[in-house]
Undergrad: 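Below are the structure tokens for one structure; questions will follow.
Note on naming: letters A, B, ... go to the chains in the order of the sequence lines (proteins, then strands), and numbering restarts at 1 for each one.
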2 protein chains.
Amino acid sequence: MATATKIDRRTEIRQTARKMFKERGYAATSMRDLAREVGIEAASLYNHLSSKEELLHEMCFDMAEQFFQAFSVAVADEKSPAKKLRAAIKAHIHVIASNLDGSTVFFHEWIFLQDPELARFKKLRSQYEQGFRDIVQKGVADKDFKEVNVKLAVFTILSALNATYDLYKSSEKLSEEEIAESMSNLLLKGLKK
Amino acid sequence: MATATKIDRRTEIRQTARKMFKERGYAATSMRDLAREVGIEAASLYNHLSSKEELLHEMCFDMAEQFFQAFSVAVADEKSPAKKLRAAIKAHIHVIASNLDGSTVFFHEWIFLQDPELARFKKLRSQYEQGFRDIVQKGVADKDFKEVNVKLAVFTILSALNATYDLYKSSEKLSEEEIAESMSNLLLKGLKK
DNA sequence: ACCTTTACCTAACGAACGTTAGTAAACAAT
DNA sequence: ATTGTTTACTAACGTTCGTTAGGTAAAGGT
């Protein structure tokens, strides 16, 4: 059982760390805070991890991978830019909804990464955004979308999507599908009749 | 000149603090870091402020006031919900563009406020959001807007707007007016032709 | 039965934290 | 000329930080 126990503790520590980094932020969460929450001494944490920053690093890059994975699967099935965009939006929201703590850390705490990884992280982010821009660009080229500023449009879309983790802590009972549907409609068809 | 010098230092400290809280976050900015940037000793800061948290507190509530002020001025001039919304969007973006450091702190660092002020801050935020919801609600009632989920629509709009501070550090030469115009169009008329 | 590994502990490291006390110099007001 | 205020300093306070060293007891494999 040694291995199984270890994996459980490992997972528990990472889960707890995600929740605490989300709630108080990376810089304001101490290893002693984390240890207390897990129920062991701070020094004992180091049997399961090599540094505080490693925790953050893992969270950020794990989420990045999930976003990439979900995007490429979602987009592959669709033909038109509009459908691709809707699918990408839905996939993005799904990843957030399935990883509320992790995605919050991903969006807010990546600034505390140190520079070889920080640069790699930024590059991944911009690649991901490029995927959205390619879809919108194609839509404009096809005369299916208006002649918008593509960068700004994608910025607007992703900014709205990236805030959706906030929706799940309110008392409103909105499902993932409702959120994705409403946001897609608003962004594609607008508020005006 | 004693008074003038004091005001200058006071202002300089607060300006520098805004910039540093924005760049590294409140928790990761130490009073010694701040003092070094200003060019004095950490202890000397306390001639110009009473605590680190006071700095954050001032920044957050000063920005809140600016958002409220700009909103009410902008909305007062307009009649239709669509025009009110466009004006509110423009005003909101203007406040951000005129206070890039302060607004970033306002959006990201308010979690570090302590509880009497934290609660007050949250209430102010939700009042501000209600202003937007009232406009959209009116638009729906007037059959000028689609029958959207009002809370979700405003959430989407404000999430997009609140991220715009990010646009000014990119190399793109987008003016405030372009940003406000493009975002308003996208949110009101949508991406699809 | 012995040896290794795992998972925790206590103790401690040097560094950094926010903040206070006490003081000296510069300047303004009387 | 004197007094009081402002702005800075050095020194230090008690606390907390991330992390390491070294030890112990139990479990697992051979």
Undergrad: Between A:S44 and A:R32, name the one whose nearest nucleotide on DNA chain C is closer to the 5' end.
TA: A:S44
Undergrad: Are OP1 or OP2 of C:dA16 and a side-chain N or O of B:S30 less than 4.0 angstrom apart?
TA: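 No.
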Undergrad: Please determine whether a side-chain nitrogen or oxygen atom of B:R9 lies at a distance below 4.0 Å from atom OP1 or OP2 of D:dT6.
TA: no
Undergrad: Within the 4.0 Å heavy-atom criterion, would you say B:T29 contacts the bases, only the backbone, or no part of the nucleic acid?
TA: sugar-phosphate
Undergrad: Round to the nearest Å and state the distance from B:D8 atom CG to D:dT7 atom P.
TA: 10 Å
Undergrad: Between C1' on C:dG18 and CG on B:L45, what's the gap in Å once rounded to a whole number?
TA: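 So the two atoms are 11 Å apart, to the nearest Å.
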Undergrad: Rounded to whole Å, please give me the gap between NE2 in A:H48 and P in D:dT19.
TA: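 After rounding, the gap between these two atoms is 15 Å.
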Undergrad: Taking atom P of C:dG18 as reference, at what distance in whole Å does atom CG of B:D33 sit?
TA: 8 Å
Undergrad: Taking CD1 from B:I40 and C1' from C:dA24, how many angstroms apart are they, rounded to a whole number?
TA: 16 Å
Undergrad: Walk me through whether B:E54 and B:R14 qualify under side-chain contact (heavy atoms from CB on, under 4.5 Å).
TA: CA-CA 10 Å; B:E54 185 203 56; B:R14 278 152 178 79; 3.4 Å; yes
Undergrad: Could you tell me if the side chain of A:Y128 sits less than 4.5 Å from the side chain of A:H92, heavy atoms only?
TA: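 In contact.
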Undergrad: Rounding to an integer number of Å, can you tell me how far A:H57 NE2 sits from D:dG18 C1'?
TA: 19 Å
Undergrad: Between B:D101 and B:K22, does any side-chain N to carboxylate O distance fall below 4.0 Å?
TA: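 Salt bridge: yes.
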Undergrad: Please determine, for the side chain of A:Y46, which listed nucleotide (C:dC9, D:dG18, D:dA8) has the closest atom?
TA: D:dG18
Undergrad: Check the distance between C:dT19's C1' and B:E41's CD and give it to me in whole angstrom.
TA: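 To the nearest whole Å, that distance equals 14 Å.
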Undergrad: Nearest-Å distance, CG (A:N47) to C1' (D:dG23)?
TA: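 Nearest whole value for this atom pair: 12 Å.
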Undergrad: Would you mind checking if A:D33 and A:R24 are paired as a salt bridge, meaning a charged N to carboxylate O distance below 4.0 Å?
TA: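 A salt bridge links A:R24 with A:D33.
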Undergrad: Any chance the rings of A:F61 and A:F106 have centres within less than 6.0 Å?
TA: no
Undergrad: The side chain of B:M31 lies closest to which of these nucleotides: D:dT20, C:dT19, D:dT7?
TA: C:dT19
